[in-house]
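We count ligands from 1, going down the list as the structure has it; atoms in each ligand are counted the same way.
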Amino acid sequence: MRFARHLLRFFLPWACAGCRGALESLDDTGFCGACWLSIPRIHGLICKTCGLPLKDGGLFCFSCRQNPVPIIIRAATEYRGVMRPAIHRFKYSGRKDLFHPLGALLRYAWSQYSEIRDIHGLVPVPLYGKHEMSRGYNQAELLARVLASEAGVPLLPLLVRTRPTRPQAKLDRLNRQENVRSAFAIEPLASDYLQRLRGISLLLIDDVCTTTSTLSECASVLRKAGAGPVKALVLARDL
Ligand SMILES: [Zn+2]
Ligand SMILES: [Zn+2]
């Protein structure tokens, strides 16, 4: 086994997910020490609804004071600095191994926010089928799996994406809502399950929250199908 790991390293040198520097050992850390320390973790005062960091105190962010998002969201880190290349490599460059360190960040956030722990199951935000097939995995599901085993909460893949959507970052607010409208549905095999467990409380898991539209839409689909409160925990929040 040890030999196999060294052989693997020979062909696939393990690089830091942030700076691409060589890592000392072939373990699950994924980041060099400097990049790991530079991860922009979210802590301190945050908006009680959408989880955005609040620089000037108060309970809610400016946006939620005007028009509160219909879902409680918490995030482990901001989507900047080393988190951008790391998540890009996790999603698009075959660095599936990064679910270990990125999952650890999510677990830490879970331990910080008691308001999202009162739930019965974790629901990963799904990819469109073809995208998942070409990538070989859904990154949100890998992260949710790490948390499920740590938290002792079942992983419930209750949602499917019924059509591909455009990257939310490139759209304005109205187009973002339109982009994800009717893009999600209950997994056909899961609708009975939700009916039987009416009122079950769920936590959506995703890698990046660029806008709140995707999470709000997923929560709305789950609630219409019989779920109770739906909240969300994401790895990184694009501010
Ligand atoms: Zn590094
Ligand atoms: Zn807010």
- Query: Which pairs count as side chain to side chain donor-acceptor pair (under 3.5 Å) when at least one residue sits in residues 65-82, sequence neighbours excluded?
  - Reply: Arg74-Glu115, Glu78-Arg80
- Ignoring waters, how many protein N/O/S atoms are under 2.8 Å from the Zn ion (ligand 1)? 4
- Got a sec: does the OH of Tyr128 have more than 12 other heavy atoms crowding it under 6.0 Å? yes
- If only atom types and distance count, is the side chain of Arg237 paired as donor or acceptor with the main-chain N or O of Thr210 below 3.5 Å? no
- Using atom types as modelled and distance alone, determine if a side-chain donor or acceptor of Ser201 lies under 3.5 Å from a backbone N or O of Pro229. no
- Test log, rule side chain to side chain contact (heavy atoms under 4.5 Å, CB included), inputs Ile186 and Val221: CA-CA 7 Å; Ile186 299 296; Val221 170; 3.9 Å; yes
- Treat each ILVMFWY residue as a node, draw an edge where side-chain heavy atoms are under 4.5 Å apart, and state whether Leu102 and Val82 are in one component. yes
- Using a strict cut-off of less than 4.0 Å between a Lys/Arg side-chain nitrogen and an Asp/Glu carboxylate oxygen, indicate whether Asp238 and Arg84 qualify as a salt bridge. yes
- Partners of Arg161 by side chain to side chain donor-acceptor pair (under 3.5 Å), sequence neighbours excluded? Thr165
- Tally of protein N, O or S atoms, where distance to the Zn ion (ligand 2) is under 2.8 Å: 4
- Message: Is there a side chain to side chain contact (heavy atoms under 4.5 Å, CB included) between Val125 and Ile205? Walk through the geometry before answering.
- Response: CA-CA 6 Å; Val125 171; Ile205 303 289; over 6 Å; no
